[in-house]
There are 2 protein chains.
Amino acid sequence: MLSLRQIEVFHAVMVSGSVSGAARMLNVSQPGLSRLIKYMESRVGFRLFERRAGRLAATPEAHRLFLEVDLIYQRVGGLDQSIRRIAGGEGHELAVGASPSVGRSLVPRALAELAGAMPGVTARLEILPMNQVQDYLLAGATEQVVTIFPFEHPLVESETIGAGRLVCAFRRDHPLAERTEIGVEDIAAHGIVAFEPGSPHARMIDALFARAGVTPRIAGKVRFAQTACALAESGLGVALVDAFTVMGKAFPDLAVRPIAGGGLFHVEIHRHRHLAVSAVASRFSIALKEAMARAIAETPSMLVAP
Amino acid sequence: MLSLRQIEVFHAVMVSGSVSGAARMLNVSQPGLSRLIKYMESRVGFRLFERRAGRLAATPEAHRLFLEVDLIYQRVGGLDQSIRRIAGGEGHELAVGASPSVGRSLVPRALAELAGAMPGVTARLEILPMNQVQDYLLAGATEQVVTIFPFEHPLVESETIGAGRLVCAFRRDHPLAERTEIGVEDIAAHGIVAFEPGSPHARMIDALFARAGVTPRIAGKVRFAQTACALAESGLGVALVDAFTVMGKAFPDLAVRPIAGGGLFHVEIHRHRHLAVSAVASRFSIALKEAMARAIAETPSMLVAP
DNA sequence: TGAGGGCAGAACATGATGTTATGAACCGAC
DNA sequence: GTCGGTTCATAACATCATGTTCTGCCCTCA
């Protein structure tokens, strides 16, 4: 089998018309190429060049071979471009899954940051309900999934990148708005927006009140933290949600306060244990950690470093 | 630029799914491939594989690269086949020019021999009048031209591969048929078939009679030796031609005898000095020399080795 | 927990490729 | 014809990629 070097040198000799010319083209010395061509001729089994009138003359066989070699040479040249495009993430589709709260706050921020760093990347963001996380990860539909609840599976490996506290949110004209830190008893005095049983938020809130030995009044019941905040925004009561749901200016009419003794929602990145991560996905992890760090700097009372 | 070896190894690792498997496929040891892959990763600028669960897992980037690499790999594999085809002369068109007499005797025999040795070769035979030999050679229309007359040109190099004597041919019932060797005077007594002035045959015959101080009777006049023989065959007189024209069973009704003191027609192969000869053309030269040798063995009295 | 397989590092051998120095053949100019 | 310039080939040596063996670590699986 011919080596790429042989193909390259043969190509250069054919194009330049002489060994010396090829040596100049390739920035190497001439004797090496003479030897390589000679060796190549012994490999292919026929003469490629004849020394005529003090120069090289390509045989008709060499001309036929050149037609084939040129195609390979072009392709290999194109390969370099492909490598650059792949390295730059160009044309790469990064599929990220996320649970609703981080999927509307932290993850979009990280994706925006990533888009700036790697302009060729196309991002696809899937907001996943809890019960779909496993399917997406195991089927490889998304390279990674970001959640604020733990997820255990032998084929999934997880990394915690930070946490958000359990916070309560209510209208700015709510009586609790005067307090800076709020305890369980304060909340119990008002009606809360509860979650469907079994959801991470429900479990977190149940545990909170169970520890305090208090039973709150249920003013409303929802599936998503977003909806809970929407209810609170319309004055229905106090929403108890993770800090990510109310990050930034998502609900400008709500006042948000940490809950004393409230638990933590851990932000985790989950990946398939047996599938390699793309460079783009690695870059996304970094961006996500940076977004987390910036968010902590903005509201240190609500968020916690890993 | 990636080397073909790197492409080959990467391909094998992707196909076999492990470095060890690739090493077995390529019949080399595993550590070398590990090192090569590592080096390759530093060249392309992104990770190709990750060690996961004790094995290698290809990154999405590696999968994208594989699509390109596979094409090159296939092409290079095809190159080997092309080389074999070119080496076998398959699809090669060998264009040979020849002056009329050898073009109807020696050259067809050589081409037939060549066709047996290199079945894929297509032969093209052009019978050339003297004044077209130069044009065909210099324009590269035929790689080589075989003549029985000398040809001088600074851009043409010639090789003599044998010679044929000047012979005379007449009907088997002709009075001369009793003689085994025939002299100039014998011929002059009968009418001869002459050639147009300036042709090699005319010059040769003129010189013959001039040396002997004899003027023959002209019974007919022709351009080609073939025509001269045709006249002789119909009883018009004695044809004086080169030995090649009457080789084999071309004119079964003619008796052929060498002429004492007759000159030699030298068979020469002419090639462009600056164009390389194909392997097929080289093989043809050999076949032509063999055909010449066989012809000498058949009729040693008429033909001469170089 | 131990056996087996797969990967990676170290140390060394070898072959491909590159270098310089030199000579032979050829061309074109004089 | 001779001379200078160009081209290719060879020799001797340097260097780097590639291959080898030995070994250790890590993972999986029974």
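Residue numbers start from 1 in every chain, and the chains themselves are labelled A, B, ... in the order their sequence lines are given, proteins ahead of strands. The figures here come from the full heavy-atom set of this structure, side chains too, leaving out hydrogens, waters and symmetry mates.
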Atom pair distance, as rounded to whole Å: CD in B:E8 and C1' in D:dT18: 12 Å
Terminal axes of the helix from C:dT1-D:dA30 to C:dC30-D:dG1 (five pairs each): angle between them, nearest 10 degrees: 30°
C:dG5 OP1/OP2 closer than 4.0 Å to side-chain N/O of B:S18: no
Donor-acceptor pair, side chain of A:T59 and main chain of A:R47, under 3.5 angstrom: yes
Between P of D:dA17 and CG of B:L2, the distance in whole Å: 14 Å
Length of the CD1-C1' vector between A:I37 and D:dT7, whole Å: 14 Å
Value in whole Å for how far the C1' atom of D:dT18 lies from CD of B:Q6: 11 Å
Pairs meeting criterion side chain to side chain donor-acceptor pair (under 3.5 Å) with involvement of residues 124-139 of chain B, two or more places apart: B:E93-B:R124, B:R124-B:E126
Any pair counted as salt bridge (charged side-chain N to carboxylate O under 4.0 Å, His left out), so long as it reaches residues 60-71 of chain B, sequence neighbours left out: none
Residue list, salt bridge (Lys or Arg N to Asp or Glu O under 4.0 Å) with A:R283, at least two apart or on another chain: A:E113
Distance, rounded to the nearest Å, where B:E50 contributes CD and C:dA8 contributes C1': 16 Å
Under the salt bridge (Lys or Arg N to Asp or Glu O under 4.0 Å) test, residues paired with A:R5 that sit two or more places apart: A:E8
Can you give the donor-acceptor pairs under 3.5 Å from side chains of residues 150-159 of chain B to other protein atoms, not counting sequence neighbours?
residue, atom, partner, partner atom, Å
B:H153, ND1, B:L155, N, 3.0
B:E157, OE2, A:R52, NH1, 3.3
B:S158, OG, B:H270, ND1, 2.7
B:E159, OE2, B:K289, NZ, 2.9

Phosphate-side-chain proximity, B:S20 and C:dC7, N/O vs OP1/OP2 below 4.0 Å: yes
Whole-Å distance separating the CG atom of A:L4 from the C1' atom of C:dT17: 14 Å
For residues 19-28 of chain A, run the donor-acceptor check on the side chains, cut-off 3.5 Å, and write out each pair with its distance to 0.1 Å, sequence neighbours left out.
none

Atom-to-atom span, CE of A:M40 to P of D:dA9 - whole angstrom: 14 Å
Contact state string [nucleotides 19-30 of chain D, B base, S sugar-phosphate only, - no protein heavy atom under 4.0 Å]: BBBB---BSS--
OP1 or OP2 of C:dC7 under 4.0 Å from side-chain N/O of B:K38: no
A:F244: partners by ring-ring contact (aromatic ring centres under 6.0 Å, His included), with sequence neighbours left out: none
Short side-chain N/O contact from B:S3 to OP1 or OP2 of D:dT18, under 4.0 Å: yes
Considering all heavy atoms, the nearest B:L4-A:L2 contact: CD2-O, 3.1 Å
Distance, rounded to the nearest Å, where B:F49 contributes CZ and C:dA8 contributes P: 10 Å
